[in-house]
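Shown next, in structure tokens, is the structure this report addresses.
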Amino acid sequence: MNTLIVVDQPPYGSWAGREALDMVFSLAAFDQPSALLFVGPGVNWLRSNQAPSGINQKSVEKNLSAAPMFGVEAILADRSACERFGLTEATLVAGVTLTDSVPDTLDGYRHVAFAG
Amino acid sequence: MNTLIVVDQPPYGSWAGREALDMVFSLAAFDQPSALLFVGPGVNWLRSNQAPSGINQKSVEKNLSAAPMFGVEAILADRSACERFGLTEATLVAGVTLTDSVPDTLDGYRHVAFAG
Amino acid sequence: MTEITASSDTLHIVNKAPDHPRFGTFLRALSDTDSVVLIEDAVLACTDPSLRLPKSCVALTADIDARGLQDLQPAPHMISYGDLVRLTEQHEQIISW
Amino acid sequence: MTEITASSDTLHIVNKAPDHPRFGTFLRALSDTDSVVLIEDAVLACTDPSLRLPKSCVALTADIDARGLQDLQPAPHMISYGDLVRLTEQHEQIISW
Amino acid sequence: MSKAIAYTIVITGAPWASQAPQTALMFAREALLAGHRIDRVFLYGDGVHLASALSTPPSDETHWPRAWSEFLEQQNIPAAACIASALRRGVIDETEQARYELAASNLRAPFEIAGLGEWVEGNLKSDRTLYFHGSH
Amino acid sequence: MSKAIAYTIVITGAPWASQAPQTALMFAREALLAGHRIDRVFLYGDGVHLASALSTPPSDETHWPRAWSEFLEQQNIPAAACIASALRRGVIDETEQARYELAASNLRAPFEIAGLGEWVEGNLKSDRTLYFHGSH
């Protein structure tokens, strides 16, 4: 039963993205096939060189890079949203697969959920 | 020191509009000049015939109609937002003044605040 | 509401106001044959005929009434909470936006 | 940041992401001579040159860095929390969006 | 009627900040009336505030935490608040109170504190997992 | 430096749902460093969760309620949570615990419970009222 967790909130301003990550790691821990999809301003989670020490938060870059190792099958991102926020191959974290069709991506999963 | 409290959240889905009303009533209770401005989906607070018993909430229509009596100086609404949500003279609650320029309206107040 | 036949298409349950960014994401994710239920703030979408909502789109009566949209023209198709349960029976894939 | 002269214009402090409806309301409420500080999620507006932000618009360094926008071109004008305090000294009317 | 269906219900919106607990309760009542089963209710993110034992709305407003508690107890439905969400947001049971040496606990019965594993198990066991989010 | 300014700070965003308590604290510290005064801090709406005595984030995360408490106590700044917002959301002091016969209280010192009149007074007394909202 494959599950897609969708993140559409930008990083640091709210906790929704972190809580989405916890969901997908939890699925992976119980050996459930799962993937992450970043859309809208949510794609900003995927920018490299995040340095949140000035706002006293932890970066999620490390957690994201560990996702494949923990069994998360894919980190997907909406290409048009990446373009809108100026995210290029040079500024995206490693391991992200861009999708050209959000509807097609959603169709590939039995469960689709947001963290909030 | 006149204060404008702005409501941009639609009714019933969140508490922000009710908490904005509490703010303006509180100003009025302390004899501070104050007014309410509804913008964006917030204008939907101003539709007549709200019947929220089916969602177990109380209507704010009565509170709004009592606002002038309590000393709230004006209930303002962005005309373009009203048009967008299909609010006409026939469906607006009584006592609303439409504004054609939100910037001009904001300029008229020393304090401008949202409830959240 | 009349009887609904079983469907392998997606049921979208939308609770965000039409100007919320997630409402836009929902619209882009919609396929022609999907079913849509507007609940909570999303029923305000019924006031805007320019939104490209499918003809089969329905809205929760309790949320329509709460917001004073009972007499809207054209009238939205309205359903009860019980009808919403029946729609979730009929759809295996459900997305809550 | 260089010294700011006293101003009777409005200081807008914006913390919403650029696709948040309130960001649009803020843009419509903006007068030519107003000052703007982008904080929190609003610093993402610096990635979109098509947004009509005034030239004097500044962004909080800590929020820019957190989101990995240090090397953005064109580089936004950046300020510290201390600079933000100075801006609030200089403006009597402040709107937090 | 079609065959009975088992639901897991996830609530991520807080009372008095969203309509999620209200819509979810209306849905849950109708689901049982239609002959279906609710395997469990899981509170996540801001939704954990629904499990506060200290919420005290004005007496003329619906008391959503109490209404949910009564429904869960009457129907004997297990309900849990996610431990990570709940600890951050100050929703604490007696075990966590002892562990972290806090001055009080405030979890409303019959809600329990549990990990995301409860949610994963719900996804696997139930025919449908339904989410009720905040409006933001 | 220009003349000292007195601020009222209003926080409407909750910790772990928004950045508002963090930005507000950074601002408040810098304002004092610049020689200004903070007359009071007022928590409104979801912002009242900042006054929870039971918030327990992981030990490697900033504890915003504790950081705010320590700052307020060190600087002797009065701070209040709006009574209507706080009661609905389950943030309760001992007085309200007794009045409503609740099992516990969970208000973190030095926060107090007060009416919106505190906010109105802040507007009148301070040179500036600054709002720190949630991101939603």
Side-chain angles (χ1 to χ4, degrees), chain A residues 5-29 36-47 49-67 69-70 77-78 81-82 84-87 113-116, chain F residues 9-34 41 43-52 54-75 89-91 108 130-136:
Chain A
I5 302 294
V6 190
V7 178
D8 67 348
Q9 301 282 334
Y12 305 110
S14 86
W15 242 249
R18 296 180 190 274
E19 291 179 324
L21 244 66
D22 287 347
M23 290 170 85
V24 84
F25 278 114
S26 189
L27 290 165
L36 276 165
L37 170 64
F38 293 84
V39 300
V43 297
N44 289 288
W45 283 100
L46 303 173
R47 198 182 305 268
N49 294 321
Q50 295 172 33
S53 64
I55 58 167
N56 293 305
Q57 289 194 33
K58 289 188 297 175
S59 170
V60 295
E61 228 176 301
K62 241 185 263 177
N63 309 38
L64 271 175
S65 64
M69 224 160 52
F70 281 98
D78 178 19
C82 290
R84 206 194 122 206
F85 286 98
L87 275 160
F114 291 84
Chain F
I9 288 180
V10 181
I11 302 175
T12 70
W16 301 293
S18 82
Q19 225 183 306
Q22 176 259 310
T23 307
L25 184 54
M26 298 300 216
F27 181 91
R29 283 181 180 146
E30 291 293 333
L32 296 187
L33 279 175
V41 172
L43 309 182
Y44 196 57
D46 289 344
V48 300
H49 291 302
L50 183 60
S52 166
L54 302 180
S55 264
T56 311
S59 56
D60 60 347
E61 278 183 24
T62 308
H63 192 316
W64 297 110
R66 185 184 294 155
W68 258 108
S69 281
E70 288 171 0
F71 173 77
L72 294 167
E73 282 179 341
Q74 280 157 14
Q75 303 295 340
R89 289 168 177 85
V91 177
R108 182 181 292 269
L130 269 192
Y131 295 81
F132 294 88
H133 296 310
S135 54
H136 289 311

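Letters A, B, ... mirror the listed sequences (proteins, then strands); counts begin at 1.
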Heavy atoms of A:Gly54 and F:Met26 approach each other most closely as O-CE, 3.2 Å

Can you give me the closest heavy-atom contact between A:Gly13 and F:Ser135, atom names plus distance?
O-OG, 2.9 Å

Heavy-atom pair of closest approach, residues A:Trp15 and F:Glu61
CZ2-OE1, 4.1 Å

Euclidean distance, A:Asn56 CG relative to F:Thr23 OG1, rounded to 0.5 Å:
10.5 Å

Side chain, backbone, both or neither: which part of A:Gln57 has a heavy atom under 4.5 Å from chain F?
side chain

